[in-house]
Amino acid sequence: SKLADLEQQHEEVGIHFAEAQAEDQRLQAEVAEHMAHVAAGVVVDSALACPILHQRMEEPVVAADGHTYEQRAIERWLEIHSASPITGAPLAHRYLTRNFAMRRII
């Protein structure tokens, strides 16, 4: 009957609404936790983080792939690798150049 169909639809909508509310609460809690980390200075701006260490760089250098790394991390990487840690492509050379612009920002 039409009434039974409407009751079934109403029940399904109620279930979907409850699931959406639970997901909303979960996301709000996740955002609140992230904001607490940001306020505490735990989250490092990804532009200032070394792609190898995932930490704020102190001595940023540019490798042959054009990416900036923490000097000690990329030096260690280059001891056993000849490819970019980001792209995996072979590096044209192993010279590192200080990134003075990044250093001023950090």
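Atoms CG and CD, on D24 and E19 in that order, are 13.5 Å from each other to the nearest 0.5 Å. The structure places CD1 of I52 at 9.0 Å from CZ of R76, a figure rounded to the nearest 0.5 Å. In this structure, the separation between CD1 on I74 and CG on L53 is 10.0 Å, given to the nearest 0.5 Å. Here the NE2-CD distance, from H16 to E11, works out to 10.5 Å after rounding to the nearest 0.5 Å.
Under a hydrophobic-cluster definition in which Ile, Leu, Val, Met, Phe, Trp and Tyr are linked whenever side-chain heavy atoms come within less than 4.5 Å, directly or via other members, M57 and I86 are assigned to different clusters. Under the 4.5 Å side-chain heavy-atom criterion for grouping Ile, Leu, Val, Met, Phe, Trp and Tyr, L96 is connected to W77 within one hydrophobic cluster.
Contacts classified as side chain to side chain donor-acceptor pair (under 3.5 Å) and involving residues 60-74 (residues at least two apart or in different chains) are given here: D65-Y69, D65-S84, T68-N99, Q71-E75.
Remark: R98 CZ is loosely packed, at most 12 non-hydrogen atoms of other residues, nucleotides or ligands lying under 6.0 Å away. For NE2 of H10, the number of neighbouring non-hydrogen atoms (other residues, nucleotides, ligands) closer than 6.0 Å is 12 at most.
Among all heavy-atom pairs drawn from M102 and A47, the shortest one is CE-O, 3.3 Å. H54 and A49 make their closest contact through C-CB, 4.2 Å (heavy atoms, listed as atom of the first residue, atom of the second, distance).
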Q.
Walk me through whether C50 and R56 qualify under side chain to side chain contact (heavy atoms under 4.5 Å, CB included).
A. CA-CA 6 Å; C50 172; R56 181 183 287 264; over 6 Å; no
Q: For the pair L48 and I105, evaluate side chain to side chain contact (heavy atoms under 4.5 Å, CB included) and give the outcome as yes or no after the intermediate values.
A: CA-CA 8 Å; L48 305 178; I105 293 169; 3.6 Å; yes
(Q) Between E12 and Q8, is the side chain to side chain donor-acceptor pair (under 3.5 Å) condition met? List the steps. (A) CA-CA 6 Å; E12 289 173 5; Q8 177 68 27; 2.9 Å; yes
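With sequence neighbours excluded, no residue forms a side-chain hydrogen bond (donor to acceptor under 3.5 Å, both in side chains) with D5.
Under the 3.5 Å distance criterion, the side-chain polar atoms of R103 are matched with a main-chain donor or acceptor of E58. H81 places no side-chain N or O within 3.5 Å of a backbone atom of A83 that could act as its donor or acceptor partner.
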